[in-house]
Structure formats: C-alpha cells, structure tokens
Amino acid sequence: MSTSQDPGRGAQLRLSSVGRDFGANTVLRGVDLQVPAGQFVAIIGRSGCGKSTLLRLLAHLDQPTRGRISLGAGEAAGGTRLMFQEPRLLPWARVIGNVEVGVSDANLPASRRERALGLLVEVGLAGREDDWPGVLSGGQRQRVALARALASRPQLLLLDEPLGALDALTRIEMQRLIERLWLDQGFTAVLVTHDVSEALTLADRVVLIDRGEIALDVRVDLPRPRRRDNPELGALEEQILDYLLDGANKDQAPAAA
Amino acid sequence: MTTSTSGVLPVEAQQDEAAPRREVPTWLKVLQVRVADAGAGWVLPIGLLAVWEAAARLGFMAETILPAPSAVLLAAWTLLLKGELFTHIGVSGARALAGFAVGGLIGFGLGLANGLSNVSRKFTDTTLQMTRNVPHLALVPLVIIWFGIDEGAKLFLVALGVFFPIYVNTLLGILTVDPQLVEMGRAYGMSNATLFRRVLLPGALPSIFVGVRYGLGIMWLTLIVAETIAASSGLGYMAMQAREFLLVDVVVLAIIIYALLGKLADSVARALERRSLQWHPSFRAS
C-alpha cells in the first residue's frame with residue numbers, strides 16, 4: 001500500500017533460482033524473488049546466511065554460479081547504486097567531490113557540482129561541501145555516502161547494513177531520511193540488515209533468508225511514517241524473531257556462533 | 001591597590017612600568033615563544049661556528065686542516081666575483097635534476113605498471129629487487145669505462161640511484177590503497193582511467209612522496225661521489241681541484257654548498273607534500 005509513489009522511476013527486479021558457491025561451500029541455494037518497481041524490500045537473516053552475498057550479486061560486484069538476475073529498466077537511467085556498511089568516502093576529496101563521484105562523468109562539471117550541492121541539501125549537509133571527510137562524524141559521513149548513492153538518480157538502491165555502525169539516535173534520523181528520500185524519488189530499494197525492527201520500520205516487505213534460501217516473505221502493509229509502538233509492528237517482529245530463534249534451535253550446528 | 005596609593009613615589013613608578021607589561025602579555029608571550037622556537041634550532045650551529053672561528057683565530061687549528069668560517073666566506077666571495085661559483089652550482093644542479101627526472105620517471109612508471117598489473121609485476125619485480133641489492137656506486141668503475149667522464153656517466157649513476165626508492169615506494173603505495181575504496185569506485189562505474197586518477201594515484205601519493213624524499217637524498221650523494229671521482233666541472237670537481245692546490249677553504253665551501261642544496265631540495269619536496277596532502281591528518285594546517 002505504501003508503494004504509492006510514482007512507480008515508473010524504480011526498476012523491477014527478478015531473481016530466478018539464483019545460486020552462488022564459493023568452492024565446495026554453497027552460500028545461496030536457489031533464490032526466487034520478484035520485486036515490483038518502487039518497492040522497499042528488507043532482507044534479513046543471521047550472519048553468514050548469504051544476505052550480503054545476495055546484495056553483492058545484485059550490485060554486479062560478483063556473478064551468480066546459477067540462475068538469472070534481471071533488472072527491468074525503470075524510467076530513470078541511473079542504474080544500480082550500492083551504499084556500503086562503511087561510508088567509503090575518498091579521504092582526499094572534499095565532501096562535494098565525494099558526492100560528485102556518484103554523478104555520471106557525462107555531465108558538465110558545472111551541472112555535476114550543482115547536482116551534488118542539491119543532494120547535500122537533501123541529506124541535511126548544506127554548507128559542508130568544502131570539508132574533508134575526515135572532520136565529519138560517523139553519521140555525517142553516511143549522509144555523504146547516501147547523497148553519493150542517490151546522485152545518479154538510481155532505479156535501484158542497495159543498502160548493505162549502512163546504519164550498523166551508527167548510534168541509536170543517529171540511526172533513527174538516518175532511517176527517516178532514507179524513507180523520505182525513497183518516498184520522494186521512487187527508486188526500488190533493497191536493504192540488507194540484521195535488525196528486525198529496522199527492517200519493519202522501513203520496508204514494504206521483509207524477506208528472511210535462512211541457509212541460502214528464502215524462508216519467510218512477509219508483507220508489511222502499515223501506514224508511514226511508522227511508529228515504533230505500533231502493536232501490529234510488534235506482532236510482526238515477534239513472528240520473525242520466533243522464526244529466527246526456532247531455526248537456531250532446530251539446527252544447532254551452524255547457529256552455534 | 002591600597003599599597004600603590006599609600007606607597008612612596010619610587011614604588012608607584014615601578015608599578016606603572018609593570019602595569020602595561022601585564023596588560024599585553026599575550027602577544028608578547030606568543031612572540032617570545034615563536035622567536036624561541038625558531039631560534040632554538042639555530043643556537044647549536046651558531047655556537048659551533050663561533051667556537052670554530054675562535055679556535056682558528058687563536059691558532060688552535062692550522063689553516064691547512066680547517067680554515068676559519070670567515071675564510072670560507074671570503075673564498076665564496078672571491079669565487080662569486082670570478083663567476084666560477086655559480087657556474088659550478090649550475091652545472092651540478094642541472095646534473096642532479098636531469099638524473100632525478102630520468103630515474104624518477106622510470107621508477108614512477110615501473111612502480112605504477114607493477115602496482116596496477118600483475119603480469120608486469122610477475123615479469124619484472126624479481127629482477128628489479130635483485131638489482132636493487134647491488135650498491136649503485138659499485139658501478140662507478142664500469143660506468144667510467146662505458147661513458148668516460150662525460151655527462152652520461154653522472155646522469156646514469158644519479159638516475160640509477162634515484163630509481164629504486166621511487167620505484168619501491170610507488171609500487172607499495174599503489175598496492176596498499178584501501179581495497180574497499182577501489183571496490184566502491186568499481187561499483188560506482190568508474191572507468192580504469194577515472195579509478196586511477198581519483199582513487200589509486202591520490203591513495204598512493206603519501207608513499208610516493210616518501211620515495212621522492214629518499215630519492216633526493218640519494219641524488220646528492222651519488223652526484224658528489226660521481227663528480228669527485230670523474231668530472232671536469234661542477235661542485236665536486238671544484239672541491240677536487242682545490243684539494244690539489246691545498247685550498248682547504250674552497251673544499252669546505254663545496255661541502256657547505258652541498259649541504260645547503262640538499263636542505264633546499266628537501267624543503268621543496270616538503271612544501272609540495274604539504275600542498276598535495278592537505279586532506280591527510282598529519283599535514284592538515286592547524
């Protein structure tokens with residue numbers, strides 16, 4: 001229900017029995033997933049369940065051993081952008097230069113700068129364009145990374161636990177910022193996280209991956225912005241956590257860590 | 001306050017004098033500290049010079065062993081008037097720069113090539129590391145046979161000496177660029193050229209500067225040896241000629257000029273380093 005924004009901007013994503021092996025070790029068995037344009041999907045699971053591998057496949061940083069990944073083009077031609085766990089800003093480029101990394105080289109320098117400045121305003125860092133990344137706080141660095149990721153108007157934004165290292169308050173601020181920009185721009189978003197409540201706050205749909213397969217696929221049809229004390233949200237969180245913990249009991253060996 | 005009003009005149013006068021000093025202590029203190037900081041480094045050399053001059057004047061040291069600083073200064077003035085001094089400095093400087101440019105560019109180029117391409121590294125690195133262990137000054141006799149005492153000999157030796165530190169540090173710099181940033185560059189669709197310009201080269205720059213400064217040291221060292229052994233102009237030649245005529249003051253002058261030129265080259269490299277590494281916490285202006 002919350003995919004009410006312009007669906008033309010985002011890309012459709014279709015994964016058919018995607019698998020990835022590392023040597024003899026099968027990390028992803030066969031993942032089938034269809035994401036309509038503009039949807040916000042959260043992928044959760046225990047560490048080592050293959051969720052980051054899946055994201056790297058989507059970002060073309062890695063190739064699947066089996067299966068196909070296809071991306072139906074949306075109207076925007078900005079392609080796929082990935083926001084990493086760490087900000088990964090270039091320490092030798094000023095904030096504005098780092099955001100310009102995300103803008104295509106095809107643009108003229110002046111229009112690249114203008115676009116980058118506009119995004120810094122969007123993420124609440126107006127006036128910081130000439131600072132070195134080294135002087136920013138952790139949350140501000142992730143904001144710059146977000147501005148860089150959105151600078152090319154991507155159709156698909158991949159988020160690899162980008163808020164994991166932030167303090168609780170900054171985390172909530174960043175979640176709101178991501179939600180607002182997603183509603184504004186209508187890209188398709190895939191968020192990998194191990195935080196169930198973060199997934200439920202942001203996503204239209206929560207996909208749980210267990211032992212390399214999709215174990216649970218839950219729609220979250222709740223109005224936005226979602227309040228943390230919403231009882232429906234609490235019930236969903238219980239359901240997912242129960243599954244995660246029961247899974248751990250059923251299969252002790254790999255979950256020992 | 002009460003003491004000042006009830007005090008006798010001389011006391012009051014003393015306090016009036018003291019009052020302004022208490023009101024402007026900040027800039028005065030800063031100035032004092034600055035002068036002390038800048039001056040501290042020079043206390044020892046100036047003191048040594050004074051002792052040296054005194055020892056020479058008082059006849060503790062024979063003129064033929066170590067002439068007084070004033071005598072060296074006089075020799076510099078005489079040579080300057082004859083125009084010889086600048087010619088020699090110019091010749092030596094040109095040799096140093098040419099050798100540095102040739103050796104530095106080859107070292108930089110090979111360092112980049114081997115840092116960026118595994119094929120190139122596998123093919124050449126072992127050979128380069130083996131030759132690195134030969135002291136380049138051991139080649140002097142061979143170089144004289146090859147090039148005589150021409151400019152080629154000096155150029156070859158300086159270039160060879162400068163090559164290795166720049167090669168090793170450029171290679172190291174490229175290889176140690178944060179792989180996460182390289183992955184980011186690729187994920188953000190950078191072409192190889194853009195990746196090099198925006199990520200690899202700036203990331204390797206701190207290490208490259210270390211190589212440049214090492215290279216500058218080796219540049220002077222090599223040049224001094226080469227000019228002393230086989231040359232017909234330049235500072236080393238000037239010193240060797242002076243030795244033949246027992247002009248110890250000119251020999252000492254040549255040594256001092258070498259020291260000053262070395263310091264100058266290092267200062268220029270440092271200034272460049274500070275300029276291009278502004279982002280680096282160690283170089284950030286306070």
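The sequence lines fix the lettering, A, B, ..., with proteins before strands; numbering per chain opens at 1.
A 4.5 Å side-chain heavy-atom check between A:L90 and B:M184 finds at least one atom pair inside the cut-off. Between B:Y188 and A:R81 the shortest side-chain heavy-atom distance falls below 4.5 Å. Within the 4.5 Å cutoff, side-chain heavy atoms of A:W92 are placed close to those of B:V199.
Heavy atoms of A:R94 lying under 4.5 Å from chain B belong exclusively to its side chain. In this structure, the portion of B:T194 lying under 4.5 Å from any heavy atom of chain A is its side chain and not its backbone.
Counting heavy atoms of neighbouring residues, nucleotides and ligands inside a 6.0 Å radius, atom CZ of A:R14 does not exceed 12 of them. Around atom CZ of A:F22, more than 12 heavy atoms belonging to other residues, nucleotides or ligands sit under 6.0 Å away. More than 12 heavy atoms of other residues, nucleotides or ligands lie within 6.0 Å of CD in B:Q180, so this atom counts as buried by the packing criterion. Within 6.0 Å of OH on B:Y214 lie no more than 12 heavy atoms contributed by other residues, nucleotides or ligands.
Looking at A:R88, its side chain never comes within 3.5 Å of a backbone N or O of B:L181 through a donor-acceptor pair.
Near-neighbour residues of residues 52-62 of chain A relative to chain B, defined by a heavy atom under 4.5 Å from a heavy atom of that chain, comprise A:R56, A:L61. For residues 98-133 of chain B, a heavy-atom distance under 4.5 Å to chain A picks out no residue at all. For residues 256-274 of chain B, an interface with chain A (any heavy-atom pair closer than 4.5 Å) does not exist.
Take B:F147 and apply the ring-ring contact (aromatic ring centres under 6.0 Å, His included) test, not counting sequence neighbours, and it matches B:F156.
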